[in-house]
Amino acid sequence: MAEKTGDPRPYNAKKRPSTTEPVAEESKISVPDGWKEQPFTREDNPKGLLEESSFATLFPMYREAYLKECWPLVQKALSEHFVKAELDLIEGSMTVTSTKKTFDPYIIVRARDLIKLLARSVPFEQAVRILEDDVACEIVKIGSMVTKKERFIKRRQRLLGPKGSTLKALELLTKCYILVQGNTVSAVGPYSGLKEVRRIVLDTMNNIHPIYNIKALMIKRELAKDPELRTQNWDRFLPKFRQKNLSKRKEPMKKRIKKEYTPFPPPQLPSKMDKEIESGEYFLKESQRRKKKLEDIKTREAEALVRRQEKRNQAFIPPEEKSYEPKEVATSSKLDVNAIKEKVKKAKSKKLGAPPEEVKQKVVDSDKKKKKKKT
């Protein structure tokens with residue numbers, strides 16, 4: 001009788017390769033640089049779509065004037081893909097609908113994204129890029145991430161930076177168009193860039209400054225150029241920033257110091273009877289107790305009366321006067337009578353409104369020079 005083995009298959013059956021075995025790097029499929037997917041054409045779907053789809057979105061009133069101007073351009077761009085666009089100014093809505101001639105099943109989703117971006121104040125020149133195959137869009141809602149309005153405005157301003165420098169740096173590094181509008185951040189660009197934009201926006205609203213992420217993106221861009229480092233882990237090259245939690249909570253005036261823990265209960269407080277026994281009052285008679293209580297009351301009243309009298313007398317106490325020291329007058333200075341007489345004579349000789357003597361002398365000298373030149 002043959003012995004049973006653990007493997008029920010016949011001896012000549014081939015074993016399947018286990019999925020846990022590591023696959024060689026050479027056997028992996030690698031995407032060549034600069035490779036692009038072929039565009040979806042009419043030949044890929046010659047029969048078209050079975051059903052018509054439509055999407056609608058509302059837009060704010062301040063976008064009405066701009067949408068009126070650019071709507072012919074929107075219709076022209078969508079008509080190339082056989083998608084119909086309608087603008088309803090009464091309801092304030094935009095609608096896109098696929099037709100029987102539409103052959104691309106995903107173009108209606110891209111048309112929906114186009115009208116969403118136009119409603120979020122993205123200009124038509126940037127929003128129309130969404131119809132390309134390699135371009136996508138992302139609308140990040142940041143309104144509910146911060147509770148206080150002042151803090152929300154401050155963190156949103158960090159995304160823009162001074163004179164929009166931070167936003168421009170993000171656009172150059174991610175190759176995306178970014179627009180901060182109200183409670184949302186809209187971005188249009190490649191998929192890899194949109195992923196970074198979303199992460200940076202969420203980090204900024206969670207109180208992480210965007211400059212740290214910009215530094216990391218610049219290092220990643222340089223590392224991606226090196227073919228050897230492209231497939232390696234980049235954690236050792238990226239900077240690590242420690243988050244500082246600076247608490248602005250005001251400290252209390254009286255700090256409670258925690259006592260050391262002891263397993264024993266606190267000592268029992270003395271009762272009223274214990275206090276009377278210590279003072280000897282417990283052994284007194286009732287008449288003696290009354291007499292002592294009256295004496296205590298009288299002494300307290302007398303002390304209060306003295307304090308009250310002192311408080312009243314404070315109003316009649318005169319303040320301390322400052323010591324006055326008279327200033328010494330210089331007696332040596334005498335008036336020069338002759339100098340005063342000369343000044344009065346000069347003032348009398350002058351006519352009212354007449355120029356001073358120095359000016360007169362200059363005028364006379366200039367007249368003499370002119371006469372000499374003429375002769």
Is the number of heavy atoms from other residues, nucleotides or ligands under 6.0 Å of R199 CZ greater than 12? yes
Audit row: N313, R308, side chain to side chain donor-acceptor pair (under 3.5 Å) steps and yes/no: CA-CA 9 Å; N313 292 337; R308 212 178 299 125; over 6 Å; no
Is the backbone N or O of P210 less than 3.5 Å from a side-chain atom of N213, with the two atoms forming a donor-acceptor pair by type? no
Counting only heavy atoms not in F237 (residues, nucleotides, ligands), do more than 12 fall under 6.0 Å from its CZ? yes
Say whether, by atom type as modelled, one donor and one acceptor occur between the side chain of T174 and the main chain of L170 under 3.5 angstrom. yes
Would you find a donor on one side and an acceptor on the other, under 3.5 Å apart, between the side chain of R129 and the backbone of G189? no
Test of understanding: clusters of I, L, V, M, F, W, Y form through side-chain heavy atoms closer than 4.5 Å, transitively. Do I200 and I211 belong to the same one? no
With a 4.5 Å cut-off on side-chain heavy atoms, are D104 and H81 touching? no
Looking only at atom types and distance, does a side-chain atom of R155 sit under 3.5 Å from a main-chain N or O of V146, one as donor and one as acceptor? no
Hphob cluster co-occupancy, I142 + L202, side-chain heavy atoms under 4.5 angstrom: yes
Output, in order, the C-alpha distance, side-chain angles, deciding distance and verdict of side chain to side chain donor-acceptor pair (under 3.5 Å) for R120 and T184. CA-CA 8 Å; R120 290 310 313 156; T184 57; 2.9 Å; yes
Among the clusters formed by ILVMFWY side chains lying less than 4.5 Å apart, do M205 and V197 turn up in the same one? yes
Show, in sequence, the C-alpha distance, side-chain angles and deciding distance for S271 and D274, and conclude whether the side chain to side chain donor-acceptor pair (under 3.5 Å) test is met. CA-CA 5 Å; S271 64; D274 295 335; 3.1 Å; yes
Roughly how far apart are L167 CG and K163 NZ, rounded to 0.5 Å? 16.0 Å
For atom CD1 of I153, is the number of surrounding heavy atoms from other residues, nucleotides or ligands below 6.0 Å larger than 12? yes
Between the main-chain N or O of S53 and the side-chain N or O of S98, is there a donor-acceptor pair closer than 3.5 Å? yes
Evaluate whether atom CZ of F103 has more than 12 neighbouring non-hydrogen atoms of other residues, nucleotides or ligands under 6.0 angstrom away. yes
In Å and rounded to the nearest 0.5 Å, what is the CG to OG distance from N183 to S144? 8.5 Å
Looking at R63 and L118, would you say the former's side chain and the latter's main chain have a donor-acceptor pair under 3.5 Å? yes
Short side-chain to backbone donor-acceptor contact, Y66 and F124, under 3.5 Å: yes
Which heavy atom in K84 sits nearest to a heavy atom in T99, and how many Å separate them? CB-CG2, 4.3 Å
side-chain contact (heavy atoms from CB on, under 4.5 Å) evaluation trace for L87 with F59: CA-CA 10 Å; L87 178 67; F59 60 86; 3.7 Å; yes
Determine yes or no for a side-chain-to-main-chain donor-acceptor pair under 3.5 angstrom, with Q288 supplying the side chain and K285 the backbone. yes
Which value, rounded to the nearest 0.5 Å, describes the distance between R300 atom CZ and L305 atom CG? 15.0 Å
Backbone N or O of T41 within a donor-acceptor pair of the D44 side chain at under 3.5 Å? yes
